[in-house]
Amino acid sequence: MRAIYINSNPILIPRPCEKISGSDCECVLLYPNTRRRNLFSVSAMEWNSGRVLDPAPPDSDWWDRKLFSGAVVVKDPKGATGYRMYYYGRSEEVWNMGVQPFNNTLPTGRIGVALSSDGVAFQRHRGPLPGGAVMDPSDDSDAFDCVHVAISDAVYTGEKWLFYYFGGGIEGEGRRLLPGLASSGDGIHIDSREGPLLDVGEPGAWDQNGVSWPRIFPGDDGGRLFMTYHTRESGGAAGIGFFSAGMAVSDDGKTWQKVGKILSCGDAGSWDEGGVSVRHVIKVGPRFLMFYEGSNFKFEFAIGLAISEDGLTWQKDEYAGREPGGPILTARKGEDVWDNLIVGTPYVLQMPDGSFRMYYLGLGKREGEEMIQQGIGLAVSDGPNFRLWRRYGS
């Protein structure tokens with residue numbers, strides 16, 4: 001997602017540490033770095049409404065204390081009742097190998113996890129790597145992922161965890177993003193990694209610049225897996241590039257064949273004229289639903305909806321809003337809340353009662369303050385209606 005990510009130290013109402021079975025969860029309390037406020041005031045509660053993971057304190061040693069994003073939320077395996085949130089971030093100005101990020105606001109770098117008993121209040125869990133991370137870039141300077149990494153999907157097979165991620169290497173100073181696959185027995189310690197699973201397209205192809213944010217879903221009755229990914233294409237109506245999403249298929253989750261581009265820009269002037277970037281697909285009944293991050297050329301990001309009957313051919317939903325695709329979730333502009341500037345990077349779970357939860361990245365700013373704050377938020381559907389959403393707790 002291309003946006004302004006500025007780390008800050010927002011207000012959090014303290015809550016008791018949750019007892020997660022088998023967890024070494026550490027409860028983190030954040031305090032304001034501007035002026036003193038009453039942590040228990042109504043305004044503080046309203047400001048944080050819908051936020052389920054807060055920034056780490058900038059003076060802490062957490063691996064993601066500078067920037068974080070990209071929540072992937074999954075149920076704990078083996079009959080446990082909790083949830084895991086895998087996500088990516090970084091704590092330093094530079095990436096691994098001393099490479100300066102080509103976009104200083106890009107939060108990729110390392111991968112970690114937060115835990116929750118209810119999927120609503122998450123606490124960071126310390127992994128085995130410095131700062132508590134779970135996965136770092138490769139130490140091999142020739143590897144495709146030696147500069148920075150970011151998780152995009154997590155699957156538990158019944159025996160082990162599979163983490164689909166993407167990374168950048170020395171070639172192109174981290175710009176050439178490619179997908180990889182890591183495995184773990186406990187979801188905390190990485191046992192192996194491989195990749196890239198796909199390469200960039202030939203010169204002139206729509207995906208010649210990268211293959212990023214791979215996300216996986218069961219594709220058809222034949223047992224095939226489908227992967228969606230996106231890239232930034234050159235040119236476009238504004239001459240500054242645009243995002244498009246593509247598809248690949250696999251029989252084993254390791255060897256993939258590209259299908260082609262499946263979704264791209266809306267009409268000029270539309271809410272998603274800048275294209276389709278981070279997305280998540282789930283199957284509901286006979287249909288596939290794609291919740292996607294879209295943007296315009298004013299760099300305003302929102303979340304939209306596309307629908308497919310076969311998982312391969314997609315149409316932006318005509319019933320989700322005033323324009324094709326929606327949007328179905330937007331920043332709460334004009335409100336004194338933490339996500340009043342931008343929302344994006346959706347990840348959706350269907351609950352046992354038929355309703356849906358959407359985890360997303362939000363950015364916001366208090367009136368009169370310069371610092372932009374960030375967090376992972378939660379929106380909930382109006383029962384089984386996947387077109388209508390509200391923030392959790394609102």
Side-chain angles (χ1 to χ4, degrees), residues 1 69-70 72 86-90 95-97 99 101-103 106-111 129 133-155 157 160-184 190-217 219 224-234 241 243-262 276-281 345:
M1 168 177 174
S69 181
V72 174
Y86 293 98
Y87 65 105
Y88 54 86
R90 57 186 169 98
W95 282 327
N96 195 36
M97 305 284 177
V99 174
F102 57 86
N103 180 345
L106 189 65
T108 56
R110 308 175 72 195
I111 296 169
L129 302 179
V134 169
M135 180 173 166
D136 275 341
S138 172
D139 292 328
D140 181 358
S141 61
D142 293 327
F144 77 99
D145 57 352
C146 67
V147 170
H148 62 127
V149 293
I151 192 166
S152 48
D153 222 343
V155 178
T157 68
K160 61 182 178 180
W161 287 90
L162 298 178
F163 297 138
Y164 289 89
Y165 71 98
F166 63 97
I170 293 295
E171 181 180 355
E173 298 182 319
R175 289 179 174 84
R176 193 170 183 263
L177 303 179
L178 296 172
L181 175 62
S183 66
S184 169
I190 301 300
D191 299 324
S192 65
R193 60 204 293 172
E194 57 187 285
L197 304 180
L198 287 170
D199 204 349
V200 297
E202 297 292 330
W206 73 275
D207 59 353
Q208 65 176 345
N209 294 328
V211 178
S212 60
W213 277 268
R215 285 190 163 166
I216 313 303
F217 62 98
R224 290 192 304 173
L225 290 174
F226 289 0
M227 173 197 291
T228 63
Y229 64 93
H230 79 264
T231 193
R232 185 171 187 82
E233 297 194 58
S234 303
F243 296 106
S244 296
M247 178 78 72
V249 298
S250 173
D251 291 323
D252 60 7
K254 295 183 177 182
T255 302
W256 294 86
Q257 297 294 324
K258 292 181 181 179
V259 173
K261 186 191 302 187
I262 57 172
V276 173
S277 47
V278 184
R279 74 246 73 78
H280 186 219
V281 174
T345 66

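Values below: every heavy atom of this structure, side chains too, minus hydrogens, waters and symmetry copies.
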*Atom of P107, atom of S69 and distance for their closest heavy-atom approach*: CG-CB, 3.6 Å

*Would you mind reporting whether V149 and Y88 have side-chain heavy atoms less than 4.5 Å apart?*
no

*Would you check, one step at a time, whether the test side-chain contact (heavy atoms from CB on, under 4.5 Å) holds for V72 with H280?*
CA-CA 10 Å; V72 174; H280 186 219; over 6 Å; no

_Atom pair CG/OG of N96 and S141 - distance to nearest 0.5 Å_ = 10.0 Å

*Do the side chains of R175 and N209 get nearer than 4.5 Å, heavy atoms only?*
no

*asked:* Please check: side-chain N/O of R232 versus main-chain N/O of G210, any donor-acceptor pairing under 3.5 Å?
replied: no

_Whether the side chain of R176 engages the backbone of G169 through a donor-acceptor N/O pair (distance < 3.5 Å, no angle test) should be reported._
no

*asked:* Using side-chain contact (heavy atoms from CB on, under 4.5 Å), reason through F243 and V278 one step at a time and then give a plain yes or no.
replied: CA-CA 9 Å; F243 296 106; V278 184; over 6 Å; no

_Give me the atom names and distance for the closest heavy-atom approach of M227 to P214._
SD-CB, 3.8 Å

*Could you walk me through whether Q208 and T231 pass the side-chain contact (heavy atoms from CB on, under 4.5 Å) test, one step at a time?*
CA-CA 8 Å; Q208 65 176 345; T231 193; over 6 Å; no

*More than 12 foreign heavy atoms under 6.0 Å from CD of E202: is that the case here?*
no

*Is a side-chain N or O of W95 found less than 3.5 angstrom from the main chain of T108, in a donor-acceptor match?*
yes

*Answer yes or no: is there a side-chain heavy-atom contact under 4.5 Å between T157 and L162?*
yes

*Would you call D145 and R193 a salt bridge, taking side-chain N to carboxylate O under 4.0 Å as the test?*
yes

*Looking only at atom types and distance, does a side-chain atom of Y164 sit under 3.5 Å from a main-chain N or O of G253, one as donor and one as acceptor?*
yes

*Identify which one of D153, V155, V281 satisfies the side-chain contact (heavy atoms from CB on, under 4.5 Å) criterion when paired with F217.*
V281

*Are the side chains of I111 and Y165 in touch, meaning some heavy atoms are under 4.5 Å apart?*
yes

*Hey, does D191 have a side-chain heavy atom less than 4.5 Å from the side chain of K160?*
no

*With F144, which of D199, L178, L197 fulfils side-chain contact (heavy atoms from CB on, under 4.5 Å)?*
L178

*Do Y86 and W161 have their ring centres less than 6.0 Å from each other?*
yes

*Go through F226 and V249 one step at a time and tell me if the side-chain contact (heavy atoms from CB on, under 4.5 Å) criterion holds.*
CA-CA 5 Å; F226 289 0; V249 298; 3.5 Å; yes

*Where the side chain of H230 meets the backbone of W213, is there a donor-acceptor pair that is under 3.5 Å apart?*
no

_Using every non-hydrogen atom in the two residues, find where L225 and W256 come nearest and quote the distance to one decimal._
O-CZ3, 3.5 Å

*Can you tell if the side chain of C146 reaches within under 4.5 Å of the side chain of D140, non-hydrogen atoms only?*
no

*Is the count of non-hydrogen atoms from other residues, nucleotides or ligands lying under 6.0 Å from Q257 atom CD greater than 12?*
no

*Indicate yes or no: at least one non-hydrogen side-chain atom of H148 is less than 4.5 angstrom from one of R90.*
no

*Decide if atom CG of D139 counts as having more than 12 heavy atoms of other residues, nucleotides or ligands within a radius under 6.0 Å.*
no

*Look at the side chain of S250 and the backbone N and O of T255, then say whether any donor-acceptor pair between them is shorter than 3.5 Å.*
yes

*Do R279 side-chain atoms and S277 backbone N/O form a donor-acceptor pair below 3.5 Å?*
yes

_Within-4.5 Å side-chain heavy-atom neighbours: I170 and M97_ = yes

